[in-house]
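Worksheet for the structure shown next.
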Amino acid sequence: QQQVKQSPQSLIVQKGGIPIINCAYENTAFDYFPWYQQFPGKGPALLIAIRPDVSEKKEGRFTISFNKSAKQFSLHIMDSQPGDSATYFCAASWGADGLTFGKGTHLIIQP
Amino acid sequence: DSGVTQTPKHLITATGQRVTLRCSPRSGDLSVYWYQQSLDQGLQFLIQYYNGEERAKGNILERFSAQQFPDLHSELNLSSLELGDSALYFCASSVSGTRDEQYFGPGTRLTVT
């Protein structure tokens, strides 16, 4: 499976700030890009997903920006709250294949 | 709660043994995926089934196998277990199994001693 590179590995942001997590991929066949949130001891929870025919998608406080030519996509969390503290994973897939995940970003939102 | 159920929640076993993990997908979902999460490898796709048939394979070891039954539940069989197989095993389900939302279960934590 092709790699998905995620950065930063960890991130600390003050409450109300906008954490930004970036991912880059290699396989141009990827056509589905979801983001997952995982709390300790729980399964990953789907946050938001985008397909390459759009450059931005917003759901509540979460926004994905997608740059097809650069093969990059990012997650922005608006008005971040301490309850958003979790590990975030970007992922990519194509066709019927399973998801290829980034290594994760451990996000801490300080009160 | 995603609607995906997995049993057991925890499993402790010895090297060389065989275990079976079980997953029930969300109501209406035909596709089941299995993933392994470990500290060194991260989240890795193992295998996908759609409506009882194997559809895609990832980094699944030959010692591991899976199947999906007519009622759509799935089982992941892990045999000749090694210490390195200790990990969280997640099942996910989706409606069509192609470029659609995958919903993850709570996982089974496997410890091999």
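Below, read A as the first sequence line, B as the second, and so on, with proteins coming before strands; counting in each chain starts at 1.
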Discussion item. Between F90(B) and Q38(A), is there a side-chain heavy-atom distance shorter than 4.5 Å?
Written reply: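 Of all side-chain heavy-atom pairs linking F90(B) with Q38(A), at least one is under 4.5 Å.
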
Between [X] and [Y], is there a shared hydrophobic cluster once you connect ILVMFWY residues whose side-chain heavy atoms come closer than 4.5 Å?
X: V32(B); Y: Y103(B); result: no
X: L30(B); Y: F45(B); result: no
X: L47(A); Y: I20(A); result: no
X: W34(B); Y: L61(B); result: yes
X: I47(B); Y: L72(B); result: no

Worksheet item: For K103(A), is it the side chain, the backbone, both, or neither that has a heavy atom closer than 4.5 Å to a heavy atom of chain B?
Response: side chain

Worksheet item: Contact part of D1(B) toward chain A, heavy-atom cut-off under 4.5 Å: side chain, backbone, both or neither?
Response: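 Neither part, no heavy atoms under 4.5 Å.
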
Discussion item. Which atoms of Q41(B) are under 4.5 Å from chain A, going by heavy atoms: the side chain, the backbone, both sets, or neither?
Written reply: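 For Q41(B), the backbone is the part near chain A, not the side chain.
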
Return the minimal non-hydrogen interatomic distance between [X] and [Y], and the atom names on each side.
X: F89(A); Y: Q37(B); answer: CZ-NE2, 3.6 Å
X: P44(A); Y: L43(B); answer: CG-CD1, 4.1 Å
X: L46(A); Y: E101(B); answer: CD2-CG, 3.3 Å

Hey, is [atom1] on [X] packed in by over 12 heavy atoms from elsewhere, all under 6.0 Å?
X: L39(B); atom1: CG; answer: no
X: R109(B); atom1: CZ; answer: no
X: E59(A); atom1: CD; answer: yes

Practice prompt. Could you check which of G43(A), G95(A), S93(A), G41(A) has the highest count of heavy-atom pairs closer than 4.5 Å to chain B?
Written response: G95(A)

Discussion item. If I take atom CD from residue Q44(B) and atom OG1 from residue T100(A), how far apart are they, to the nearest 0.5 angstrom?
Written reply: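 Answer rounded to 0.5 Å: 9.5 Å.
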
Worksheet item: Could you give the distance from OH (Y32(A)) to CG (D100(B)), rounded to the nearest 0.5 Å?
Response: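 Spacing of OH (Y32(A)) from CG (D100(B)) equals 7.0 Å.
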
Worksheet entry | Main-chain N/O of L99(A) paired with Y35(B) side-chain donor or acceptor, under 3.5 Å |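 Answer holds: yes.
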
